[in-house]
There are 2 protein chains.
Amino acid sequence: MLPLPSPFMSLAMAEAEAAAARGEVPVGAVLVEAATGKVIAAAGNEVEASGDATAHAEMLVLRRAAAVRDGARLAGCDLYVTLEPCPMCAAAIALARLRRVYFAAYDPKGGGVEHGPRIFDQKGCNHRPEIYGGIGEARGASLLRDFFRGKRDEKMPKF
Amino acid sequence: MLPLPSPFMSLAMAEAEAAAARGEVPVGAVLVEAATGKVIAAAGNEVEASGDATAHAEMLVLRRAAAVRDGARLAGCDLYVTLEPCPMCAAAIALARLRRVYFAAYDPKGGGVEHGPRIFDQKGCNHRPEIYGGIGEARGASLLRDFFRGKRDEKMPKF
């Protein structure tokens, strides 16, 4: 197991692992109040359990954080997530005006930060957080790789 | 009041009006099962009430529909919404694999369908619904115009 540069990313990885154990695509996210280091919300992907295609880990922490804080914005908060956010989550992060986003694995196919629509670089984007990609990348990526390898194996005939 | 081409868009407009009456940005959305014409979910914007920046009308109907239907996808459903979806909502619509999106007013500043990142035209976008923009456009736009005019007036000194 590779060392992780932040206990918050480590917590996000634990959420991703717990998601995998539930049969969810292993992505985990943690929202932290930057000034105090307090964890406001932590979640793994819940798409399968909820039957809700929008129940990505990032959306869940934003919603749950909003439920425990005043105001629609989480401007003083940082997000730690094990995979580059997709366009939906990136746009939600802009709406919530997060301060920083730390993500682990890059997602050339489905990412919306450094790939695809590059949401924060759009002229109409109302807010651009500071972005730190590749934090604990190898572990974030290997969680996903192992999960999808397992899925493929399930479909293989057993001898 | 202009006639509307669809009772579902009319219902979406009523949701937008109800949102305005609650002090929310007036956007309403309705999700309909295409084969039966059954309304699966209807909602107006709840950003202010919930303190959740992601509580756009479209996200709410997707989440509420998922709660009452099997499976993470709503492939046989059509969305009626009074404003061009933002990038977050457009990406959520792609994830949910909706069949069609009918929207009223175009949103050159914040829209993500015909403007900005044009989410459904992105190479990495997994699903592109049929899009029908400008359905009841004048009324969708006037709801928003009246709302923001009222907001500006509130800030004006009173004599």
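Within every chain, numbering begins at 1; the chains are lettered A, B, ... in the order of the sequence lines, protein sequences first and strands thereafter.
Scanning residues 111-118 of chain A against chain B with a 4.5 Å non-hydrogen threshold yields A:G116, A:P117, sorted by number.
Hydrophobic clustering (side-chain heavy atoms under 4.5 Å, transitive across Ile, Leu, Val, Met, Phe, Trp, Tyr) groups A:L143 together with A:M9. Each of B:L60 and B:Y102 belongs to its own hydrophobic cluster when Ile, Leu, Val, Met, Phe, Trp and Tyr are linked at side-chain heavy-atom distances under 4.5 angstrom. When the side chains of ILVMFWY residues are joined at heavy-atom separations under 4.5 Å, either directly or via intervening members, B:Y80 and B:M13 end up in a single hydrophobic cluster.
Between chain A and the options B:H56, B:Q122, B:R97, the largest number of non-hydrogen pairs under 4.5 Å is found for B:Q122.
To the nearest 0.5 Å, atoms CG (B:L62) and CG (A:D52) are separated by 7.5 Å. Atom CD1 of B:I93 sits about 11.5 Å away from atom CE of A:M88, to the nearest 0.5 Å.
Proximity to chain A (any heavy atom under 4.5 Å) is restricted, for B:K109, to the backbone atoms N, CA, C and O.
Minimum heavy-atom separation, B:I119 to A:P87: CD1-CB, 4.0 Å.
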